[in-house]
Structures are given as structure tokens and as C-alpha cells.
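Values in this document were obtained by computation on a predicted structure and should not be read as measured data.
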Amino acid sequence: MTSLKRSSLWLLAPAALTVALAGCWGDSSSNSSDNNAGTTPIDTTVVDSNADSCSVLSDSGSAVVVGSGLSGDPSAPEPSSGYRLGYQAKYSSKYMVVANTPLATKAGCDILKAGGTAADAAVAVQAVLGLVEPQSSTIAGSAFMLYYDAASKTVSAYDGRESAPAAATNFYLARQNQDDAGSAPPVPNARRSGRSIGVPGVLRMLEMAHNEHGKLQWSQLFDNGISLASQGFKVPSRLADAINSNATNLALDANAMATYFHADGTPYARGETMTNVAYATTLKAIASGGANALHTGPIAQAIIDKAAQSVGDDAAKTPITPSLMTLADLAGYQAKKRTAVCTTYRAYYVCGMPPPSSGGIGVAQTLGILENFDLSQYPPTDPTNEGGVPSVMGVHLVTEAERLAYADRDKYVADTDYIPLPGNGMSTMVDKAYLKNRASLISTTASMGVASAGDLGAIPQGVDTTVEHGTTHFSIVDTYGNVVSMTTTVESSMGSFHMVDGFLLTNQLTDFAASPTDSNGLLVANRVAPGKRPRSTMAPTLVFKGTEPGDFLMATGSPGGGTIIQYVVKTLVGTLDWGLDAQQATSLVDFGASNSRTTNVDGSNAKTATNTAGTLDLTGLVTGLTTLGHTVSTSAQSSGISTIMRVNKDGAVKLEGGVDPRREGIVLGDGAL
């Protein structure tokens with residue numbers, strides 16, 4: 001934990017900034033008291049008596065409550081377009097939530113309006129995400145949270161990453177019988193088997209943060225989730241797509257079929273009303289009994305039984321390799337409070353998540369390398385148009401720096417409770433002199449293609465390039481100045497497809513290397529071990545003005561699996577180097593590279609023969625990068641960046657929000673200018 005003094009500097013908003021629709025006002029009548037655990041309904045008038053708080057403006061200018069189903073309700077599903085045009089930065093004065101689904105955003109905003117802290121709101125957001133965005137998040141999943149406490153000027157890093165069962169060995173994901181070198185792999189595959197299911201951690205993590213930073217009672221924070229699960233919600237487009245695309249695997253689980261499919265076996269479609277009574281019952285138990293309600297007792301036993309399932313619920317009784325997780329694993333799980341990865345970048349202080357996430361180190365290393373170049377010379381063109389088109393040299397320098405950072409990440413970063421970082425640890429990885437030397441490897445005339453890890457000592461350690469998958473992210477600022485940046489995940493879309501008591505179990509353990517050695521026979525840092533937490537790329541990020549915490553500037557983060565580092569770096573460079581506002585930097589074309597010859601340039605908003613809705617012409621960018629030796633992929637990127645900045649606008653301090661147009665999220669808060 002870092003404790004440092006407040007500075008007094010402010011970021012100035014761009015002079016030409018156009019104030020657009022502010023996505024937030026409110027209506028206390030939308031709060032639910034449907035909670036059999038004996039909780040008290042939230043009074044949403046505590047902080048803000050404005051009846052329009054936590055709502056959005058319709059095209060006619062009237063306030064519309066999120067989730068009401070009225071015309072202009074952003075939670076009403078729309079066809080998946082890949083990119084929503086025309087988003088502008090939104091502003092509030094006291095508090096703000098940005099998340100990737102409207103109903104989860106509304107749940108957090110209601111808590112803030114009721115006087116809750118960012119920690120309180122995070123619990124409410126997570127509870128709703130597990131219902132309306134189960135393809136990305138679950139209450140039996142994992143998460144990383146950065147929390148800025150405004151009173152003490154400190155940043156805390158909370159680790160709620162899943163862990164491997166105590167019975168797991170290096171070959172847990174590779175063999176049905178771990179001790180038999182000739183044993184076949186798990187069936188039907190590692191992900192769909194019970195072996196991918198980790199010991200969950202997100203609720204224990206949220207409970208730890210709430211105990212330290214919450215104001216409202218824990219039992220008050222689940223009302224939105226319980227009401228929506230009981231009374232029903234309109235199925236969003238991304239959920240409908242996930243149900244349909246994963247139907248074959250979901251068919252092996254009777255609980256999933258009963259939840260996501262009609263009685264005739266057809267999947268719930270976009271816009272249909274879906275309930276999840278089992279989930280409401282689970283939330284009531286958690287509201288009453290805390291995280292222990294999931295880690296012990298009947299729900300815990302149900303999780304163990306489900307993970308141990310050896311045949312599917314389908315007619316063919318498809319064989320499934322069971323998990324070796326036990327009740328003792330669930331009861332013994334502990335969330336951890338770790339020291340954030342904090343480093344200076346130009347005139348800013350940037351904090352990220354430490355291992356077992358590689359996100360904080362990856363972002364810090366990339367920025368430390370880029371610090372040796374004047375990126376302000378290479379801004380995007382026409383930033384008022386969806387963030388603009390990035391420049392060739394801007395993309396080249398950023399992606400080359402990322403290649404170098406990913407090379408170090410793939411070799412050195414894992415759960416440091418098991419495998420320490422090289423040298424003196426974190427300080428070695430983000431050392432300014434070391435990163436300046438790495439920067440010298442970048443040519444302005446040609447791409448390096450594939451980078452080698454830096455020389456950080458004679459470590460006989462292999463390289464692990466295990467691919468990670470989906471997540472979701474939200475950012476919160478409360479009326480007291482506290483801030484949450486939290487990334488939460490089920491791993492791949494709809495996790496392991498095992499479902500119990502209304503929620504999905506993750507396939508998070510597939511983030512471990514399936515084999516303990518690489519192609520050269522060297523042990524990899526990210527190998528499975530009993531109780532170990534798999535490496536992640538989740539990168540919740542906080543930025544402060546100056547050289548220490550105290551003058552909060554920005555909270556951001558994104559889903560995206562192994563590409564999360566790229567999305568976060570793009571957003572940071574967009575704001576800190578190119579002067580983009582929160583929405584412009586979030587909307588800006590996603591670009592980046594892991595340690596391969598391929599450079600990603602998001603084509604979701606590009607004019608092509610098949611996408612006439614696009615507004616940006618990326619032809620020159622792609623041609624320029626190709627000339628420098630990049631292999632360019634223009635596949636649409638699935639980021640879900642959620643950004644909040646603290647800015648000076650028209651002589652007043654405001655919160656400025658940006659939501660990713662590539663997903664379904666919104667910005668909500670206490671009002672608009």
C-alpha cells in the first residue's frame with residue numbers, strides 16, 4: 001500500500017471540448033426491497049435529492065430510468081453492431097459509474113446516490129453483472145481491484161484471483177490422472193471439464209474491501225440484483241449471442257438449460273424477459289451471510305458437487321473429467337491485499353495491479369519504455385471524430401514497446417507467492433535505466449517483429465504464451481472522492497459451462513500453462529501448483545497528477561483477455577500524451593501488439609465493403625505500418641474500456657466519463673452541465 005501526500009494540480013479539459021448528453025440522473029423508485037434476508041431498502045435521497053439522478057436523457061430531453069423499458073432506456077437491447085457511433089464525454093459533479101452493462105451501472109449509481117462509497121457500489125455492480133453479463137463475470141469468479149481512499153491518500157490493491165485446488169499438480173490440466181505420464185487429457189476438453197474450475201475469490205475480495213472502505217450495510221448492496229433476478233430483465237444482445245453460440249456446451253448442464261433456454265430447448269433471444277430465481281435466492285443468502293454463504297454451507301457443497309460431475313446432463317451422458325476441488329479449498333480461500341505497481345510516467349503517477357496479474361507490470365513497462373520518446377508529436381488526426389485515426393508512428397512506437405513488455409511478461413511474471421520476480425522483484429522490472437535500455441532496441445524505421453525477454457539474470461525459466469480470454473471492467477468515483485477500478489472475469493465466454501444455484505463456474509485455471517515446461521523443456525513460471533493463482537492480464541489502473549497519489553486524475557481498465565494491456569495503454573497514451581478526453585480516448589481505435597509480428601488495428605469502426613456504418617478510413621495507417629514491417633490485423637476488437645477522469649471544466653471540477661462503444665455500457669452519475 002502506498003501512502004503519499006495530496007498535490008494540488010488539476011488536468012485541464014481540452015478547450016474545444018463539446019458537452020454532450022450526460023448519462024446520469026436518478027429515480028429512487030427503482031430500488032428494490034425484495035430481499036428476504038431482512039435488509040433495509042436503500043434510501044437513494046441521502047446524497048442527492050435530485051429526482052433525475054442515475055438516469056439518462058432520451059432524444060426528447062426527458063429523463064429515463066435505466067431498466068424502465070421506456071423509450072430511450074439504454075438497457076433495452078439493441079442489435080449487435082460492433083460499434084456505437086456518436087458517443088461524447090459525459091459529466092457529473094459528485095459521483096460516477098462506468099460499466100459495460102446499463103443495469104449493472106444503474107445498480108452502482110443507486111448505491112452512490114444512497115451515500116455509499118465506491119467499495120459499496122462495487123459490490124452492487126458485481127451482483128448484477130453475474131446476472132446480466134454472465135458471459136463475462138460471475139459471483140463465483142475472480143477479480144482485481146485498485147482502491148483509492150481519498151481520506152488517507154492511499155492506493156490499495158485487492159487480489160480476488162481464483163486458486164488451484166490443494167490436490168492439483170503441474171499436470172492438472174494436461175492429464176486425467178495427474179500421476180500417469182500416459183494418461184489422456186481431460187474430457188471433453190480442459191475447459192469444459194471440471195479441471196478448469198478454480199476456487200473462487202471475488203466475493204471474499206469484495207467483502208475485504210467493503211470491511212475496510214464501506215459505509216452502507218453489506219446486506220443493502222444486493223437489492224438491485226435480487227429484484228432483477230426475481231422480476232426479470234430484458235436479455236441484452238451480447239448475452240443472447242453468448243447463449244446461442246455456446247448452446248452445445250451449455251446443453252451438458254441441466255441448470256444452464258433451465259436458465260438460458262426455453263422449455264422447448266430454444267435459447268433466450270435478445271429482448272426477451274428472463275428471470276433467474278435461483279440466483280435471487282443465492283444473492284439473498286450472500287446478503288444475509290456474507291461471502292461465507294458461498295464458501296461454506298449448502299452453496300459451497302453445491303459448487304463442489306457440480307465441479308465433481310463426471311458425466312453431462314445431456315441424453316448421451318457425455319463424459320466429463322471432474323475437478324479435485326474440496327470444501328476445504330472453498331472454506332480456506334483468502335483474498336489478499338497487495339502492494340500496487342506504481343511508477344511515474346512523465347508528469348503523472350500511474351498505479352496498476354501486481355502479480356498474479358501481469359497487467360500492472362505490463363502497463364508500467366510499456367509506459368516506461370515510451371517515456372523515452374516524445375509521443376506528443378504523433379497524435380491521432382481529427383480526434384473529435386470517434387477519437388480519430390492514430391498516426392503510423394504513434395502506433396509503431398506503442399506496439400514496439402508492448403512487444404518488449406510482453407516478452408518480459410511471458411517469461412518472468414506469475415504468482416509471486418510461488419515464483420518470485422527476477423532480481424530485486426518489482427523494482428527490477430520497472431527500473432527506469434533498464435526500460436531506457438529496452439527502448440533503445442526500438443527502431444523508427446522497422447518493426448522488431450518478435451522481441452526477446454530482457455536479461456534479468458541467469459534464470460532457467462521457460463516462456464509461457466498461454467492465451468487468456470474475456471472479462472469485464474468498471475470504474476467508480478464516489479461523492480467522497482474514493483475511487484474503484486475493478487476488472488472481474490469468468491474467463492472464456494460463459495466460463496466452464498458448469499452452472500449451480502443460478503451462477504456459472506469459471507474456467508479460470510486454463511490461464512495456467514497446460515504443460516509445466518515449454519518447447520525447450522524449461523519450467524515455466526505460470527505452471528499449475530496447489531493453491532497457486534494463475535497469471536492474468538487484468539489491468540485496473542489509477543492515474544494521479546504529479547509524483548504520488550493524492551490528486552486523482554483518472555481510473556480506467558478493460559476486458560479483453562491477453563490484449564487488456566494494449567487497450568489500457570492506448571487509453572492512457574490517448575489522454576496523457578495526446579490530450580484526448582475520456583470518451584475520445586476510450587473510443588479511439590484499439591491498437592496494440594503482444595509479442596508477435598501481428599499488430600492489431602481495430603476495424604470495428606472502419607469503412608469497409610461490409611461495414612458502411614464505419615466513419616474512419618484506416619487505409620493509410622495500415623499501409624504505413626505494413627511498410628514498417630508490421631503484419632496488420634484489422635479484426636474487430638472487443639474491448640470494454642471504462643474511463644473516468646477528474647477535470648477542470650468551465651472553472652469547476654467535474655467527473656468526465658467515457659464508455660466503450662464496442663460494448664453495451666453507459667455512464668451514470670449525479671447530474672449534467
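Looking only at side-chain heavy atoms (C-beta outward), Q566 and N600 come within less than 4.5 Å of each other. Under the 4.5 Å side-chain criterion, counting only non-hydrogen atoms from C-beta, T105 is not in contact with V66. Annotation: side chain of L206 is in contact with side chain of M486 (closest heavy-atom distance under 4.5 Å). Between H498 and I320 there is a side-chain heavy-atom pair separated by less than 4.5 Å. For the pair I299 and T282, the minimum side-chain heavy-atom distance is below 4.5 Å. Residues P134 and M499 fail the side-chain proximity criterion, which asks for heavy atoms closer than 4.5 Å. S75 places none of its side-chain heavy atoms less than 4.5 Å from the side chain of K106. Proximity of E133 to R663: side-chain heavy atoms (C-beta onward) are separated by under 4.5 Å at one or more points.
Taking each heavy atom of L216 and D120 in turn, the nearest pair found is N-OD2, 3.2 Å. Minimum heavy-atom separation, F144 to S357: CE1-CB, 3.7 Å. Across all their heavy atoms, L103 and G67 have their closest contact at CD2-CA, 3.6 Å. Annotation for A119 and A209: closest pair CB-O, 4.0 Å, computed over non-hydrogen atoms. Between V98 and T643, the shortest heavy-atom contact is CG2-O, 3.8 Å. Shown here for Y158 and M353, the closest heavy-atom pair between the two residues is O-CE, 3.4 Å.
Taking NE2 of H295 as the reference point, atom CD of E207 lies at 8.5 Å (rounded to 0.5 Å). Between atom CD1 of residue I564 and atom OG1 of residue T471 there is a gap of 4.0 Å, rounded to the nearest 0.5 Å. Remark: F503 CZ to N255 CG distance equals 10.0 Å, nearest 0.5 Å.
With 3.5 Å as the limit, one finds no donor-acceptor pair spanning the side chains of S136 and N100. Side chains of S604 and Q637: no donor on one and acceptor on the other come within 3.5 Å. Neither side chain, T556 nor T571, offers a donor N or O lying under 3.5 Å from an acceptor on the other. Inspection of the S92 and K654 side chains reveals no N or O donor paired with an N or O acceptor under 3.5 Å. Checked by atom type, the side-chain pair H473/Y567 shows no donor-acceptor distance below 3.5 Å. Under 3.5 Å, the side chains of S137 and T488 contain a donor-acceptor pair of N or O atoms.
When the side chain to side chain contact (heavy atoms under 4.5 Å, CB included) test is applied to L85, the partners found at least two apart in sequence or on another chain are Y83, E386, N605, T615. Taking A124 as the reference, A107, I111 meet the side chain to side chain contact (heavy atoms under 4.5 Å, CB included) condition, with sequence neighbours excluded.
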Evaluate D253 against K306 for salt bridge (charged side-chain N to carboxylate O under 4.0 Å, His left out), listing each step before the verdict.
CA-CA 9 Å; D253 193 286; K306 174 60 66 173; 2.9 Å; yes

Worked verdict on R662 versus D590 for salt bridge (charged side-chain N to carboxylate O under 4.0 Å, His left out):
CA-CA 10 Å; R662 301 161 189 85; D590 288 333; 3.2 Å; yes

Before you tell me yes or no, could you show the steps for D660 and S558 under side-chain hydrogen bond (donor to acceptor under 3.5 Å, both in side chains), namely the whole-Å CA-CA distance, both residues' side-chain angles and the distance that decides it to 0.1 Å?
CA-CA 9 Å; D660 203 314; S558 179; 5.1 Å; no

Evaluate the side-chain contact (heavy atoms from CB on, under 4.5 Å) criterion for residues L505 and I303: first the C-alpha distance (whole Å), next the side-chain angles of each, then the deciding distance (0.1 Å), finally the verdict.
CA-CA 8 Å; L505 303 180; I303 291 172; 4.2 Å; yes

Does L129 form a side-chain contact (heavy atoms from CB on, under 4.5 Å) with F474? I'd like the steps, not just the answer.
CA-CA 10 Å; L129 285 173; F474 56 88; 3.9 Å; yes

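Of the candidates S492, S196, S496, S492 is the only one forming a side-chain hydrogen bond (donor to acceptor under 3.5 Å, both in side chains) with N507. Screening V483, L572, I644 against M554 for a side-chain contact (heavy atoms from CB on, under 4.5 Å) leaves a single residue, L572.
A salt bridge is absent between K570 and D602; no separation between the charged side-chain nitrogens and carboxylate oxygens falls under 4.0 Å.
Looking at E656, its side chain does come within 3.5 Å of a backbone N or O of A582 through a donor-acceptor pair. The closest donor-acceptor contact from the side chain of N189 to the backbone of R192 lies under 3.5 Å.
Counting only residues at least two apart or on different chains, the ring pair (Phe, Tyr, Trp, His ring centres under 6.0 Å) pairs with a member in residues 231-265 are H262-Y268.
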